[in-house]
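Here is the naming used below: chain letters follow the sequence lines, and residue numbers restart at 1 for every chain.
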Protein chains: 2
Amino acid sequence: MIVGNRVGYQILKGGNSSFQTLNPRLNEFNDVHIYEATDDEIILAIELAESAFYEYSKISGFKKSLFFQDIVQLMESQERELYELYCCESGLDQDRAKVELTRTKNQILNFASFIASDEWRFCSSEIPDKNSVPSKPELIKGLFPLGPVVVFGASNFPFAYSTIGGDSISALAAGCPVIVKSHPLHAGTGDLIAKIVIQAAIKNDMPEGIFSNLNSNDYSLGEKLIENPKIKAIGFTGSINGGKAIMRLSQKREEPIPVFAEMGSSNPVIILPSVLRDSAGLWSMNLSNSITNSAGQFCTKPGLLFLVKDEYSTELIDMLVNNVVSKDFQCMLSSSMCSNYNKILKEREGFVKLNYRQGDVKPNYAKPTIGICNSSVFLENEFLAEEVFGPFSLVVECENIDSLKRCISSLKGQLTGTILTDSNEELIETGIIEILQLKVGRMIYNGVPTGVEVVESMQHGGPYPSSSESQTTAVGIDAIYRFVRSICFQNFDHKILPEFLK
Amino acid sequence: MIVGNRVGYQILKGGNSSFQTLNPRLNEFNDVHIYEATDDEIILAIELAESAFYEYSKISGFKKSLFFQDIVQLMESQERELYELYCCESGLDQDRAKVELTRTKNQILNFASFIASDEWRFCSSEIPDKNSVPSKPELIKGLFPLGPVVVFGASNFPFAYSTIGGDSISALAAGCPVIVKSHPLHAGTGDLIAKIVIQAAIKNDMPEGIFSNLNSNDYSLGEKLIENPKIKAIGFTGSINGGKAIMRLSQKREEPIPVFAEMGSSNPVIILPSVLRDSAGLWSMNLSNSITNSAGQFCTKPGLLFLVKDEYSTELIDMLVNNVVSKDFQCMLSSSMCSNYNKILKEREGFVKLNYRQGDVKPNYAKPTIGICNSSVFLENEFLAEEVFGPFSLVVECENIDSLKRCISSLKGQLTGTILTDSNEELIETGIIEILQLKVGRMIYNGVPTGVEVVESMQHGGPYPSSSESQTTAVGIDAIYRFVRSICFQNFDHKILPEFLK
């Protein structure tokens, strides 16, 4: 399979550098050869996006919703090829591929139904009053798209947070053309999806340039896209370092632009004493599944577990360790992610007790691991609070509730925070809710943080550094508001107002 | 009058540097001596704000609304003192003081009535479904305050955009404590207002620290406030350079925070040919009043007037020049603003024809001036598009509609854009609406941009650099959303949810 760059409705292969994707399970290259985008191809994609913007921003929500529905239909007709390549390029299994494609299709259909009427773009209006002194004008406020948006595909969600995942579809729904910087780990899957999006766009007479898909195996493509003055916003899901670099580049532009970066999280779980007494079995099982699901490569994986050391705590920890350690060794998304996982565990070795199963591992496979330390060690070594991407979680044993609260207070911003308790009195007495709430975007009560519902009430985004813009969400319908701004029309003759504001 | 720093409920004068305010009309210092805040006072204000936040964020909207109403009542009982000091410190006249205080009171009462019920903080909820596989959790999303906010007082709005102006009251309404960096030009007025806010806070049992008012005549106070990790957002109204500096400082923090900076604008006005033919008299009068109102010291002053040179255009320009030039010389807010105004006009002299009345001016008084140039000169000299703070506007004569459109396309982001026309056919044919819309936050049809209604449908904020965050507004109820973020509660027992989410 030869993969070019989809620049508007063309497939361009003008460059002389290319790369291949790896099958991490087999540790062999896939027969997928990807051309890296040239400077000319990048510029052309941006110019097409800009010129498409004028037309696309005026197309009715209803017409866009038909386009979206066709994307889903085309996905369904090509499920088999999509699953196959997805598994080969990610090391994730077919079940996960199916769940993720279903989720992706639901996201697209959610937006299709939300924008089918343009009503959502109307904000409010003010009735004029010619008799007041000074006279009050008529004001009508509506939402308008920002302009061309660049979306960085995520390594861990080839469908749901890449080519036509949450960022792309919410930007397109808002009326913004999208240029995807495809994730190199699954560039073949990305190209299959991009082909579908473009087929649907052509079928629905969308202006050429509303969608392009560019490939590169290094940072330069991303940099060139961010630096171009025609780009008006960025969507990103990935590491903290990647997100920070994008924020820096955006701020260095003559016109800084909004960067919606979702940058990972350690997702603290607070296990209160009542749980240790009464439901240790249940939660050690639920947590171990949540920690190791998809090899722990979820941004909402519970990475920090806090509990108060008492006569019952050892029992829960033992069960948790047994559950996690007895899981199969797990294939990670890439060899560099796997070696990074092993490197990070090695660095933690002097500080925390690591529990994992001995034995040989295949290349790119990780050992599910539970670390244990006490709260003093945790508080003295800030890096222990950082996200570890992979099937690992750190149990922090605290002397008492106060030291547990100090640990929570020491955390930076997180996507989620979870509280496990069998007693509301206990919970209220600790005052944990108020402390945890300051740190997170989503609070979970007696549950696990993995499993992010794609609905309006979801909040996927928390204080920095879990997100660059804690006031927005990357999941659910509200994600669309990241890519619009309000314009107020004062005293306009209604005949010349946009249709949805009349 | 000796002015200290209001740190929580104390008045502190621990420093050994102080300054005085100037009466720009008389060019004499006022008898207002202001102590600059010391480092200890700054730290204390921040610590009080942080500890007040926990309590204040839980206080009901209803209780906060009573506090707001008392602020307005106290303002009314002290109107005379407020007007007097306002005029002495700003050089603005009593009529303007009255209009601005009325506006400020209305802003406060608008927020009081908006937050009287906490309903606005509820976003949406999702009904749980235990039968679906996997089971769907209950999700409830609500809005929560960000934390302590720093507000920089604006030079040109001692009441409406300073101490308890739009930024402060929207942050307090959101549940955020506020530390004001008072504007040194009107620090006495700021202190009178701060005293009122604190009296109302004490009367309503608000936690100490929800409001502090600090003074300084240089940048260091602002820098220390922005750099402190306990501060979670910034509100600013002022110059582009000031706004940029604040954005840079915020990005350099370990945790970057949102900066809501409103940084001025040239507010282009497009005068289409039909107006030149039929309503030149009306619009030359309206525009000249708008340009010189309050000495042209409004962020929405029409600073750029574009028209197509034809047989009628000279007549409108002549009338406009006559109207503007015949106005009285106008007192500016400060001597440095006035000398800056003169310096900028001097710099433009070689590029544009300047029209003003000859004659001696008193210190701090500016000559109302109209500049004229053609579109080639305008396009070749980017600095001509920049805001000139003061009673000046630049007429750009374009050869035809295309060169006019090139001029509009060359502009950076603006707060407003105005179109004057007597013919919708003419307007549609030019395609001006689409081009202008990309550049502005508010579009005005046959009106002037000054006069910003304080209502929900107002949009006061445009693309960068007119605002740092074009997706928010600094005026109207929607300004409150700058200071909150969403938190989603998953499967929480309703008994322990915040009252407004139950």
Which bit of A:E434 is near chain B, if near means a heavy-atom gap under 4.5 Å: side chain, backbone, both or neither? side chain
What part of B:I433 lies closer than 4.5 angstrom to a heavy atom of chain A: side chain, backbone, both or neither? side chain
Gap between atom CG of A:N424 and atom NZ of B:K495 - 0.5 Å precision: 6.0 Å
For residues A:S457 and B:S125, is any side-chain donor paired with an opposing acceptor at under 3.5 Å? no
Under 4.5 Å heavy-atom distance to chain A, tell me which part of B:E254 shows up: side chain, backbone, both or neither. both
With a 4.5 angstrom heavy-atom cut-off, which part of A:Y481 approaches chain B: side chain, backbone, both or neither? backbone
Cut-off 4.5 Å, heavy atoms of chain A, and the answer for B:K244 is neither
Who wins among B:L146, B:I444, B:I419, B:L143 for the most heavy-atom pairs under 4.5 Å with chain A? B:I444
Let's test your reading of the structure: which of B:L438, B:I428, B:I140, B:T473 forms the most heavy-atom pairs below 4.5 Å with chain A? B:L438
The interface call for A:R248 against chain B, heavy-atom contacts under 4.5 Å, is neither
Side chain, backbone, both or neither of B:Y54 within contact of chain A (heavy atoms, under 4.5 Å): side chain
Most contact-rich option vs chain B, by heavy-atom pairs under 4.5 angstrom, among A:V440, A:T416, A:I257, is A:V440
Got a salt bridge between A:E453 and B:K136, using NZ or NE/NH1/NH2 to carboxylate O under 4.0 Å? yes
Note, A:K412 side chain near B:E255 side chain (heavy atom, < 4.5 Å): no
Rounding to 0.5 Å, atoms CZ (A:F489) and CZ (B:R442) come to a distance of 12.5 Å
Please look at B:K232 and chain A and tell me whether the side chain, the backbone, both or neither of the residue comes under 4.5 angstrom of a heavy atom of that chain. neither
Enter the distance from A:C488:SG to B:L415:CG here, rounded to the nearest 0.5 Å. 12.0 Å
Looking at chain A, which one of B:G462, B:P256, B:S57 has the largest number of heavy-atom pairs inside 4.5 Å, strictly under? B:P256
Which residue, A:M458, A:Q459, A:H460, A:Q471, forms the side-chain contact (heavy atoms from CB on, under 4.5 Å) with B:S486? A:Q459
Any heavy-atom pair between the side chains of A:N446 and B:N491 that's under 4.5 Å? no
Among the listed options B:S124, B:G413, B:P465, the residue most often paired with chain A at heavy-atom distances under 4.5 Å: B:S124
When you compare the side chain of B:Y445 with that of A:I496, does any pair of heavy atoms fall below 4.5 Å? yes
Check ion pair B:E456-A:K141 (N to O, under 4.0 angstrom): no
Heavy-atom pairs under 4.5 Å with chain A - which of B:G142, B:P463, B:P145 has more of them than the others? B:P463
Select, from B:K58, B:M247, B:M443, the one with the greatest count of heavy-atom pairs under 4.5 Å involving chain A. B:M443
Do A:Q251 and B:K252 come within less than 4.5 Å of each other through their side chains, counting heavy atoms only? no
Part of B:F483 within contact of chain A (heavy atom distance under 4.5 Å): backbone
